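A quick write-up on the structure given underneath.
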2 protein chains.
Amino acid sequence: MLKEKNLRMTTQRKVILEELRKLDTHPSADEIYEVVRHRLPRISLGTVYRNLDVLSELGEIQKLELSGSLKRFDWDTNKHYHVRCIRCNRVEDTPVAPLNQLEDELYDTTVFEIVGHNLEFIGLCPKCSKKDPGK
Amino acid sequence: MLKEKNLRMTTQRKVILEELRKLDTHPSADEIYEVVRHRLPRISLGTVYRNLDVLSELGEIQKLELSGSLKRFDWDTNKHYHVRCIRCNRVEDTPVAPLNQLEDELYDTTVFEIVGHNLEFIGLCPKCSKKDPGK
DNA sequence: TATCATACCGCAACTTATTGTCAATAGCCA
DNA sequence: TGGCTATTGACAATAAGTTGCGGTATGATA
């Protein structure tokens with residue numbers, strides 16, 4: 001898989017992939033950087049970004065297309081939706097099944113060539129909900 | 001409406017609102033800045049950002065929660081979904097009706113207190129589709 | 001196993017979008 | 001009109017991500 005694209009499995013790339021697969025937190029590049037640094041103290045943030053891009057292009061991981069200011073990554077490459085806490089930005093998976101027929105409705109009504117959709121639920125996680133029950 | 005929040009209707013605020021309401025392009029702050037500058041050449045970008053925030057908090061406009069690197073604004077405050085071109089990032093409205101019952105499926109299965117959802121279709125706009133029909 | 005082309009790395013400088021600071025200005029109520 | 005203070009313009013400061021460069025090390029080849 002790496003060969004045909006002239007890519008190499010470097011230590012950095014391997015460690016990033018391994019550590020990401022241990023996490024269920026849909027981390028940002030920066031969070032992955034912090035974790036990976038425990039094993040590779042001299043790794044740079046740029047390397048983390050570059051490798052996350054490569055890995056998501058290879059289909060080994062998924063770059064999440066969510067709203068919010070930073071990109072997040074997910075080792076689970078199956079199509080699934082997420083919930084995001086409006087207050088702390090924590091992201092979790094949802095058990096909602098992919099709405100495969102959603103685009104059908106659009107085929108006749110838009111000039112766009114539809115290739116997919118992003119759906120994200122927003123809400124309050126238990127912690128934030130407790131902290132500030134009022135609005 | 002402005003009074004109870006101790007807000008003032010300044011020239012800048014009024015012009016930004018007026019110009020945004022002429023546009024169907026879901027512009028970014030920078031695009032609004034460019035347009036408003038024709039009428040108020042000395043306005044600063046910071047002022048545009050601040051006013052867009054104020055106006056969206058007032059409910060006069062809508063700050064779109066889409067993926068992608070920059071925030072976009074919409075004068076239409078009714079709930080509706082958008083299509084975004086993966087290549088040129090143009091955003092258009094869709095005629096898809098709001099999926100009001102979508103969250104119901106989650107109430108029993110998540111610990112989050114769900115308050116809503118964001119749905120965005122992605123595809124190719126006619127221009128970009130023509131330019132590069134392959135892949 | 002040694003050689004070698006080049007993919008990849010670490011580092012730092014750079015972009016781009018947005019937010020913060022602060023003195024000066026201008027809405028709006030009395 | 002006068003005065004309080006929200007707001008502005010100018011610009012510095014962040015934040016997140018990207019890129020250029022010179023050197024290193026992976027993995028193909030002999």
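Predicted, not measured: the structure shown is a model, and the values here were computed from it. Naming convention: chains lettered A, B, ... in sequence-line order (proteins, then strands); numbering from 1 in each chain.
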query: Roughly how far, to the nearest 0.5 Å, is the CG atom of B:Asn51 from the CD1 atom of B:Ile43?
result: 7.0 Å
Rounded to whole angstroms, how far apart are [atom1] on [X] and [atom2] on [N]?
X	N	atom1	atom2	value
A:Arg42	D:dA25	CZ	C1'	15 Å
B:Glu4	D:dA6	CD	C1'	16 Å
B:Leu40	D:dT7	CG	C1'	14 Å
B:Asn89	C:dA17	CG	P	11 Å
B:Leu52	D:dT8	CG	P	11 Å
A:Leu70	C:dA17	CG	P	16 Å
B:Arg37	D:dG9	CZ	P	12 Å

Strictly by modelled atom types, are [X] and [Y] linked by a side-chain donor-acceptor pair under 3.5 Å?
X	Y	answer
A:Gln12	A:Thr47	no
B:Gln62	B:Ser56	no
B:Thr77	B:Glu60	no
A:Glu65	A:Asn118	no

Could you go through nucleotides 19-22 of chain C and list every protein N or O atom that sits under 3.5 Å from one of its N or O atoms, giving the distance for each pair?
from, atom 1, to, atom 2, distance (Å)
C:dT21, O4, B:Arg50, NH1, 3.1

statement: Closest non-hydrogen atoms of B:Leu23 and B:Trp75, given as atom of the first, atom of the second and distance, are O-NE1, 2.7 Å
- line: Nearest heavy-atom contact between A:Ala97 and B:Glu105 is N-OE2, 4.0 Å
field: side-chain contact (heavy atoms from CB on, under 4.5 Å) between B:Leu2 and B:Leu58, worked out
entry: CA-CA 8 Å; B:Leu2 293 167; B:Leu58 280 174; 3.6 Å; yes
- line: Symbol by symbol from the 5' end, with Watson-Crick or G-U pairs under 3.5 Å, [ ] crossing and | another strand, DNA chain C is ||||||||||||||||||||||||||||||
- prompt: What do you reckon, is NZ of A:Lys79 surrounded by more than 12 foreign heavy atoms closer than 6.0 Å?
  reply: yes
message: Taking only side-chain N and O atoms of B:Ser44, does any of them lie within less than 4.0 angstrom of OP1 or OP2 on D:dA10?
response: no
query: Taking only N and O in the side chain of A:Asn6, is any of them less than 4.0 Å away from OP1 or OP2 of D:dA28?
result: no
- request: Would you mind classifying the nucleic acid contact of B:Asp30 as base, sugar-phosphate or nothing, using non-hydrogen atoms under 4.0 angstrom?
  value: nothing
query: Less than 4.0 Å between a side-chain N and a carboxylate O, is that true for A:Arg39 and A:Glu18?
result: yes
task: Summarise how protein sits on nucleotides 23-28 of chain C as a single string, 5' to 3': B when a protein heavy atom is under 4.0 Å from the base, S for sugar-phosphate-only contact, - for no contact.
output: ---BBS
- request: On the 0 to 90° scale, with breaks at 30° and 60°, tag the B:His26-B:His82 ring pair as parallel, tilted or perpendicular.
  value: perpendicular
